[in-house]
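This report refers to the structure that appears directly beneath it.
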Amino acid sequence: MKIGTPNAAKHLSGAAEVVIDTFLKSAGSLTELPPRLEAAEAWLDAHRPKLEIAGARDFADEKVKLLAQLLVLLSDSEPEAKVRLCSRLRKVDRSDLAIQAVRPVANSDRTNVPALTTLGAAYCDMAQYDKAERALRAALKVQPADARARIALSRVLQESGREYEAFDEAKLAFAGETSTYTAHRLLAAAAAIGNAESFDLAVAEVEAAAERREEGKPDVYLLLLAGEALVEQGRANEVVDIIDRIAAVGSPLRGQSAKRFAEMKQAARSATRMTLFDSQGT
């Protein structure tokens, strides 16, 4: 494999990811985590030249930043730091330690909505749905309009098999705060129900919200989510209008969003060709 090629960077990044993940997984408790993080930092520092030569500098920078953040947050006793630590630990698949980090904060202050919300989300990660629901309902009792808590509750309800309740919570979250996060949850909850009526309602709500921007131009990110949801449901032939509306905005998507848009267009083209083939065949 040639050094400096995208394949080399991907290969070495993947291998380094496994090693760093092993360090993180080896900690049995929060007190065991700092020395594991320091060992991961030392390993990454020793192998950073190889990663940079292979073209994986961005990966190395990201991991250095992550490990440093975790170490700083572990040393900070402030409640806000414990909430942030919980969020970071969830991202590295250590929701068990995330619970250890934030549970004392949530238990000592039942009005701390961020702590209750991150605790509920971490419990959900661990499939402890009853505990997750209690934490999130406690957060919503304090702050009924908190979108993050309601999004998390919707996810808990969906994963515990209560799809219609999950959809209702997602609708409340989206009505209270229109964002890509609430839109994604609404579309996912609707898809989980498994009937076209609920799904069509969710797509229509997201598309309508995309057109309500004060700037006068539709929100292309909401439209992108609506189109992707249709593609995932095997209805790529229905996204042509959404594609045209995104293209008409005149502000091209960038990065991962541009890649997702290209994939959606490809799915629509393939669906259109298949429909044409089927009609000619009959």
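Because the structure is predicted, anything quoted here is derived from the model rather than measured.
- Side-chain contact check for Asp109 versus Pro79: every heavy-atom pair is 4.5 Å or farther apart.
- To the nearest 0.5 angstrom, Leu66 atom CG is 10.0 Å from Glu41 atom CD.
- Atom NE2 of His184 is surrounded by 12 or fewer heavy atoms from other residues, nucleotides or ligands within 6.0 Å.
- A 4.5 Å side-chain heavy-atom check between Arg162 and Glu133 finds at least one atom pair inside the cut-off.
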Begin from the C-alpha positions of Arg155 and Asp125 and carry the test salt bridge (Lys or Arg N to Asp or Glu O under 4.0 Å) through to its verdict. CA-CA 10 Å; Arg155 176 187 163 221; Asp125 295 339; 2.7 Å; yes
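- Expressed to the nearest 0.5 Å, how far CD1 of Ile20 lies from NZ of Lys25 amounts to 11.5 Å.
- Contact of the Glu228 side chain with the Val231 side chain is not registered, since no non-hydrogen atoms from C-beta on lie closer than 4.5 Å.
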Under the salt bridge (Lys or Arg N to Asp or Glu O under 4.0 Å) criterion, do Glu263 and Arg260 qualify, and how do the steps go? CA-CA 5 Å; Glu263 291 172 348; Arg260 288 163 52 199; over 6 Å; no
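- Just one residue in the list Leu136, Thr182, Thr117, Leu140 forms a side chain to side chain contact (heavy atoms under 4.5 Å, CB included) with Arg150, and that residue is Leu140.
- Contact annotation: the side chain of Ile193 never approaches that of Phe199 to less than 4.5 Å [non-hydrogen atoms, C-beta and beyond].
- Here the straight-line distance linking atom CD of Glu205 with atom CG of Asp200 works out to 12.0 Å at 0.5 Å rounding.
- A distance of 9.0 Å separates CD in Glu32 from CG in Leu97, rounded to the nearest 0.5 Å.
- No side-chain heavy atom of Val156 sits less than 4.5 Å from a side-chain heavy atom of Gln158.
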Could you walk me through whether Tyr129 and Glu159 pass the side-chain contact (heavy atoms from CB on, under 4.5 Å) test, one step at a time? CA-CA 8 Å; Tyr129 301 122; Glu159 293 192 13; 3.4 Å; yes
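- Remark: Arg148 is positioned above the aromatic ring of Tyr181, its terminal NZ or CZ atom under 6.0 angstrom from the ring centre and at most 45 degrees off the axis.
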Could you walk me through whether Phe174 and Val206 pass side-chain contact (heavy atoms from CB on, under 4.5 Å), step by step? CA-CA 9 Å; Phe174 190 67; Val206 174; 4.2 Å; yes
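- Taking SG from Cys86 and CD1 from Ile99, the interatomic distance works out to 7.5 Å, rounded to the nearest 0.5 Å.
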Set out, in order, the CA-CA distance, both residues' side-chain angles and the distance that settles side-chain contact (heavy atoms from CB on, under 4.5 Å) for Glu211 and Arg245, then state yes or no. CA-CA 10 Å; Glu211 297 293 343; Arg245 286 155 68 189; 2.9 Å; yes
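- The minimum heavy-atom distance between Leu225 and Thr180, with the atom names listed, is CD1-O, 3.5 Å.
- Other residues, nucleotides and ligands place more than 12 heavy atoms under 6.0 Å from the CZ atom of Arg110.
- Considering only heavy atoms from C-beta on, Glu17 comes within 4.5 Å of Phe59 through its side chain.
- No continuous path of ILVMFWY side-chain contacts below 4.5 Å connects Met126 to Leu85, so the two sit in separate hydrophobic clusters.
- Rounding to the nearest 0.5 Å gives a distance of 13.0 Å between CG of Leu172 and CZ of Arg185.
- Scanning both residues, Thr178 and Ala209, for their nearest heavy atoms gives CG2-CB, 3.8 Å.
- Without hydrogens or angle criteria, Ser257 side chain to Leu253 main chain gives no donor-acceptor distance under 3.5 Å.
- Using a 3.5 Å distance cut-off with no hydrogens or angles, the side chains of Arg269 and Gln266 do pair a donor with an acceptor.
- Hydrophobic clustering of Ile, Leu, Val, Met, Phe, Trp and Tyr side chains at less than 4.5 Å, counting indirect connections, unites Leu186 with Tyr164.
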Under the criterion side-chain contact (heavy atoms from CB on, under 4.5 Å), I'd like the reasoning laid out for Leu201 against Ser198: C-alpha separation, chi angles, the key distance, then a yes or no. CA-CA 5 Å; Leu201 174 64; Ser198 297; 5.7 Å; no
Salt bridge (Lys or Arg N to Asp or Glu O under 4.0 Å) evaluation trace for Arg48 with Asp45: CA-CA 5 Å; Arg48 187 182 181 108; Asp45 186 60; over 6 Å; no
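- Contact between Ile242 and Leu223 at its shortest, heavy atoms only, is CG2-O, 3.4 Å.
- Taking 4.5 Å as the limit, every side-chain heavy atom of Asp61 sits out of range of all side-chain heavy atoms of Lys65.
- Under a hydrophobic-cluster definition in which Ile, Leu, Val, Met, Phe, Trp and Tyr are linked whenever side-chain heavy atoms come within less than 4.5 Å, directly or via other members, Ile151 and Phe167 are assigned to different clusters.
- Between the side chains of Arg84 and Gln69, no donor-acceptor pair of N or O atoms lies under 3.5 Å.
- Taken together through direct or relayed side-chain contacts under 4.5 Å among Ile, Leu, Val, Met, Phe, Trp and Tyr, Val102 and Leu70 form parts of separate hydrophobic clusters.
- In this structure the side chain of Leu37 never reaches within 4.5 angstrom of the side chain of Phe23, judged on heavy atoms.
- When all heavy atoms are compared, the tightest approach of Ala106 to Leu119 is CB-CD2, 3.7 Å.
- Transitive grouping of hydrophobic side chains (ILVMFWY, heavy atoms separated by less than 4.5 Å) brings Leu89 and Leu71 into a common cluster.
- Across every non-hydrogen atom of Ser13 and Ala56, the tightest pair is OG-CB, 3.3 Å.
- The main-chain N or O of Ala27 is found under 3.5 Å from a side-chain atom of Arg94 such that the two form a donor-acceptor pair.
- Contact detail for Ser77 and Lys82: the closest heavy-atom pair is CA-CE, 4.0 Å.
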